[in-house]
Amino acid sequence: MKSAVIVYPGSNCDRDAAVAIERVTGHAPTMVWHGESSLPEGLDFIMVPGGFSYGDYLRCGAIAARSPITADLIKQAEAGVPILGVCNGFQILIEAGLLPGALMRNEGLHFVCERAPLLVETSQTRFTSGYGDTKELTIPIAHHDGNYFADTETLDRLEGEGQVAFRYGNNPNGSARDIAGITNANGNVLGMMPHPERAVDAKHGGTDGVKLFESVMGSVQ
Amino acid sequence: MSQIAPEERDADGITEEIALEHVTSDEYEIILKELGRAPNLVELGIFSVMWSEHCSYKSSRLHLAKFPTSGDKVIYGPGENAGVVDIGDGQAAIFKMESHNHPSFIEPYQGAATGVGGILRDVFTMGARPVALMNALRFGDPKHPKTRQLVAGVTAGIGGYGNCVGVPTVGGETNFDKGYNENILVNAMAVGLADADKIFTAAAREPGFPVLYVGAKTGRDGIHGATMASAEFGEGSEEKRPTVQVGDPFTEKKLIEACLELMAEDAISSIQDMGAAGLTSSSVEMASSGGLGIELDLDHVPQREEAMTAYEMMLSESQERMLMIVKPGREHVAERIFKKWDLDVATIGKTAEHGRLVLRHKGEVVCDLPLDPIGENAPKYDRPHFPAEARAQIDPSDLHQPEHLGETLLQLMATPDMASKRWIWSQYDRHVMADTAASSEDPADAAIVRVHGTNKALAITTDCTPRYCFADPYEGGKQAVAEAWRNLTAVGADPIAITDCLNFGNPERPEIMGQFVGCVEGMAEACKVLSFPVVSGNVSLYNETDGRAIPPTPAVGGLGLIPDMDKRVGFGCMEDGDVILLVGETKGELGASLYMRHIEGKESGNAPRVDLAAEKRHGDYVRGEIRAGRAKAVHDLSDGGLACAAADMAIASGTGIKLAYQGNVPHFAWMFGEDQGRYLIAASAENAEAMLADAKAQSVPVSVIGLAGGRFISINGGHAVDLIALKQAYENWLPDLMGAEPEARAAE
Amino acid sequence: MKARVHVYLKPGVLDPQGQAVATSLNHLGFEEVSAARQGKFIEIDLETADAEEAQKRVAEMCDKLLANPVIENYDIELSA
Amino acid sequence: MKARVHVYLKPGVLDPQGQAVATSLNHLGFEEVSAARQGKFIEIDLETADAEEAQKRVAEMCDKLLANPVIENYDIELSA
Ligand SMILES: Nc1ncnc2c1ncn2[C@@H]1O[C@H](COP(=O)(O)OP(=O)(O)O)[C@@H](O)[C@H]1O
Ligand SMILES: [Mg+2]
């Protein structure tokens with residue numbers, strides 16, 4: 001299992017991501033600094049972590065999405081490497097055009113941090129296969145701009161194609177159709193606002209996120 | 001010294017008169033005598049900020065010396081940027097608390113945000129990775145027209161900064177009291193971790209070493225911030241507005257990473273953040289604590305604005321900047337790392353043997369001062385003080401008896417100090433860094449943050465009950481320390497040391513100085529008896545407006561260690577059938593209690609007395625029972641007494657409690673009295689037996705006062721109040737207050 | 001040359017910030033406010049002399065970075 | 001009546017957003033950008049007919065809510 005975590009200036013869940021990946025897979029990921037022009041060869045999994053890349057100035061994820069390493073990330077996505085973007089990582093994937101829609105300021109206008117109920121919408125993705133019949137998880141959320149928006153046509157398409165991976169049990173931010181996480185058409189890119197990497201340890205945020213990492217690992221073996 | 005530029009005036013019209021405003025005429029005389037000549041404007045500006053209360057501690061130093069500051073766990077006590085304590089295995093915890101009161105009142109978002117930024121820098125300057133933030137907030141009357149906007153702005157500012165830098169904000173405390181209407185308090189605390197043998201300090205070591213400036217550029221922001229923090233509000237405080245700075249947490253995050261990266265190389269000799277009084281205090285402190293001198297060429301200071309004068313550069317409080325002295329020839333290492341992080345780095349001077357501060361600007365010497373008078377020999381005042389008048393003890397039998405104790409409990413759970421602060425802390429990222437084991441949302445008396453990669457954890461709390469400090473500064477000071485110690489104990493931690501933030505009114509008024517001295521002496525006594533030394537802290541005086549001072553508020557930040565995470569405990573794990581034990585004695589002390597304030601509607605009575613020896617005995621007993629694995633849930637008793645603590649446990653556990661009254665004080669005094677040194681413990685019947693036996697052996701008063709079960713809190717089978725109603729009362733007060741939030745700036 | 005760029009939400013995209021502003025203004029007694037919308041305003045200093053060229057380049061900046069085409073529109077004003 | 005309000009930082013106040021925008025534009029190849037500043041833009045619909053009255057009221061809105069007088073300035077344009 002060869003994985004990488006991209007570190008942008010202002011990323012702050014990079015350590016959380018590395019800890020979770022190592023805990024679940026037994027292998028430490030390579031931390032890739034944003035200034036590098038390319039990701040390592042032969043990766044099985046890439047994680048774009050949460051945080052405030054470039055201070056979240058202008059729009060969350062906008063500046064990171066246009067940085068050199070993201071250009072290579074797009075290539076890897078096209079080549080089918082599994083990519084998980086969490087929170088700011090989700091915002092970056094959306095700004096980079098790897099996932100459809102937009103993430104806007106939370107409806108309540110405040111930053112929201114809580115352990116949120118999350119519904120597994122489908123276990124037919126390579127990220128969620130391990131959840132089997134489990135329908136409801138508790139996963140921490142922590143964000144200011146997680147209000148998912150897309151036009152009706154896009155939303156219908158996402159639903160129709162089984163690209164909605166997670167929904168909120170308790171919509172905390174006004175997201176359209178309670179959407180918390182979506183995949184791309186190919187199924188190799190998942191973006192989600194909740195933090196599965198903060199739920200891999202009973203002494204921290206619970207263990208409901210473990211299966212997500214196990215699923216990706218299983219899907220590449 | 002003939003070449004010193006005589007006068008410097010700038011476009012914004014900073015004149016000698018303005019600088020002079022901040023030194024008294026007596027102080028000016030001292031300056032003349034020390035220098036043997038008149039200072040120029042730059043020099044006067046430097047004296048004015050360095051001799052400000054904020055930087056010189058001129059009114060407080062004499063009394064701060066009363067604190068015990070050493071102990072076998074103390075690596076660095078007060079005097080460094082933050083306190084450093086040993087947590088075993090070659091690791092150290094580094095922590096400090098600081099105020100940002102005045103700026104937060106003027107501009108709540110930026111004031112609170114930059115407060116968080118400043119306290120983080122104090123901690124990572126010493127080589128620590130910051131791992132937790134806390135905040136202690138005091139706002140005015142909830143109905144005061146400014147309160148909601150201030151709550152909204154301060155909360156957003158703390159979250160805006162802490163969330164972005166990626167350090168979890170794990171806990172804090174929030175009070176509301178009309179005494180803070182015109183002077184809110186924003187105290188922030190940061191905790192970091194480092195290897196005990198890799199701590200960095202500020203004192204310059206060798207002459208001739210290069211001095212580097214790193215971080216953000218210098219602008220005209222916050223000039224005279226330190227002196228502002230040392231002045232009271234009144235007519236004309238509007239004009240003080242431009243001294244507010246804007247924080248840039250993104251730059252701070254990069255600065256943390258860059259500093260830690262550089263600290264891992266063998267390059268830094270000493271390092272200091274630029275806090276209050278920016279370049280002035282950092283350069284003066286580094287040089288004078290090392291017994292050296294320092295020379296700076298201000299032309300090399302990275303500047304954000306054009307045509308900045310020496311005066312402006314020296315007094316600017318632009319954020320996210322550090323000063324460091326590096327080993328000769330290692331400048332390039334710093335340059336490489338700071339460039340990688342897209343931060344400014346410039347060599348701006350060198351250390352020198354001469355014990356002076358010499359500044360050059362545009363080829364001229366604009367300042368040449370001996371360092372001793374600025375720093376070490378700054379004025380130190382023994383201000384007159386007299387003690388507060390003693391207040392009478394409340395005799396419960398003189399008070400009106402509530403008819404339905406359950407209703408009274410319901411009322412108290414929805415009072416401003418008691419009610420849930422979820423509205424605030426849900427805006428803080430409490431989980432980032434993957435080590436938070438208990439934060440504001442979790443039913444535990446202290447926040448718990450694991451030491452990364454180990455099974456040890458830090459326990460962290462902030463405490464102070466200003467009602468008590470106002471009623472009796474000495475007892476209130478004791479109580480603040482004791483409560484912090486108790487909260488750490490209640491989660492199973494060994495209390496180690498405290499930091500503090502002493503917020504008071506104008507020290508030139510003897511009654512205010514009396515409050516200060518009383519609180520300090522009470523705190524010192526508690527610290528001694530509990531072996532809980534003070535390792536860092538901060539003083540904020542002049543918190544008053546038009547002669548109305550805040551209640552004395554010596555906030556205490558306590559740190560403890562949980563050696564084995566598997567032996568920690570909270571108060572949410574009580575189960576049906578558990579026996580409820582009360583540790584400690586109950587005399588029904590109602591003076592200065594929440595009950596008096598909200599049910600009797602009076603601010604009267606003396607503060608509850610803390611018997612420190614009993615406090616220690618009770619706490620050691622409780623910790624022992626936790627470590628022995630017998631206590632399922634533990635909660636300390638504080639605001640609102642036994643009944644409110646029982647309600648907290650019941651709400652958190654989803655299980656009611658049948659209380660059985662015992663003793664010889666009126667029922668309501670037993671339920672709501674705020675006697676100190678007490679805990680509630682829930683345990684299985686079997687373990688409760690063993691605990692009672694231990695208690696007897698250790699002469700700790702412990703008795704069975706109830707049984708867990710059902711959906712109500714009741715007393716002697718009556719006065720029942722439903723848990724759901726209690727929870728609603730507790731949860732809804734603050735959201736209802738903030739509800740529409742009309743005055744809050746919607747467009748943050 | 002200076003460009004003043006306004007970036008605002010497309011019609012039909014929910015604007016909670018604008019709504020909050022309107023509600024707050026109403027609460028504060030400004031009852032004449034019937035609606036509000038909030039957008040961004042970016043002022044850019046350009047080292048370009050040619051206005052036509054500037055207009056083209058700034059539009060490109062908007063498309064590439066300053067606006068998110070999924071939810072936002074923009075307009076550009078140039079001045080000397 | 002419509003009011004268009006621009007709220008921007010006072011000169012000298014740190015503008016990290018604007019800086020980030022300028023740097024990012026430079027990185028994207030827009031080298032002619034020498035600086036950028038970011039502010040807010042708020043459009044308000046008013047049920048007022050009198051322009052003078054509107055101007056006065058909107059200024060009050062700015063002072064009370066829309067701008068933060070400590071660090072921000074504003075300007076107001078009215079249109080029918
Ligand atoms: N300003 C704040 N920031 C973060 N957490 C807060 C704040 N105010 C209160 N809390 C949290 O609310 C809970 C209850 O606080 P408090 O009543 O002061 O506890 P205690 O009485 O045990 O000291 C704690 O978990 C505390 O951390
Ligand atoms: Mg407590």
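Nothing here was measured: the structure is a model prediction, and the numbers come from that model. Each chain gets a letter, A, B and so on, in the order its sequence line appears, and its residues count up from 1.
Of the possible polar contacts, one joining the A:His204 side chain to the B:His431 backbone as a donor-acceptor pair under 3.5 Å is found.
Salt bridge B:Asp442/A:Arg115: present, at least one basic N to carboxylate O contact under 4.0 Å. Ion pairing between A:Lys203 and B:Asp435 fails under the 4.0 Å rule for side-chain N and carboxylate O.
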Task: Candidate pair B:Glu441 and A:Glu114, rule side chain to side chain contact (heavy atoms under 4.5 Å, CB included), full reasoning - done: CA-CA 8 Å; B:Glu441 74 206 293; A:Glu114 63 189 31; 5.5 Å; no

Task: Audit row: A:Asp201, B:Arg450, side chain to side chain contact (heavy atoms under 4.5 Å, CB included) steps and yes/no - done: CA-CA 12 Å; A:Asp201 180 350; B:Arg450 178 172 49 196; 2.8 Å; yes

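A heavy-atom distance below 4.5 Å is found between the side chains of B:Arg129 and A:Arg15. With a 4.5 Å cut-off on side-chain heavy atoms, B:Lys253 and A:Pro9 do not count as touching. Side-chain contact between A:Cys113 and B:Arg430 is present, with heavy atoms from C-beta onward closer than 4.5 Å.
Atoms CH2 and CH2, on A:Trp33 and B:Trp341 in that order, are 3.5 Å from each other to the nearest 0.5 Å. Here the straight-line distance linking atom CZ of B:Phe250 with atom CD1 of A:Ile63 works out to 7.5 Å at 0.5 Å rounding. Taking CZ of A:Arg198 as the start and CE of B:Met433 as the end, the distance is 11.0 Å to the nearest 0.5 Å. A:Tyr57 contributes atom OH, which lies 6.0 Å from atom SG of B:Cys164 (distance to the nearest 0.5 angstrom). Summarising the geometry, atom CG belonging to B:Asp429 is positioned 6.5 Å from atom SG belonging to A:Cys13; distances are rounded to the nearest 0.5 Å.
When each of B:His452, B:Lys340, B:Arg422, B:Met565 is scored by its heavy-atom pairs under 4.5 Å with chain A, the top score falls to B:His452. The residue among B:Ala438, B:Gly166, B:Ala457, B:Pro249 with the most heavy atom pairs within less than 4.5 Å of chain A is B:Gly166. For the options B:Gln427, B:Glu252, B:Glu257, heavy-atom pairs under 4.5 Å to chain A are most numerous at B:Gln427.
Contacts of A:Asp16 with chain B are made by both backbone and side-chain atoms, with heavy-atom separations under 4.5 Å. At a 4.5 Å heavy-atom cutoff, B:Val167 makes no contact with chain A through either its backbone or its side chain. Only the side chain of B:Arg568 has a heavy atom closer than 4.5 Å to any heavy atom of chain A.
Nearest heavy-atom pair across A:Phe52 and B:Asn163 is CE1-O, 3.2 Å.
In A:Lys135, the NZ atom is crowded: over 12 heavy atoms of neighbouring residues, nucleotides or ligands sit closer than 6.0 Å.
Donor-acceptor pairing under 3.5 Å is lacking for the side chains of A:Tyr54 and B:Asp342.
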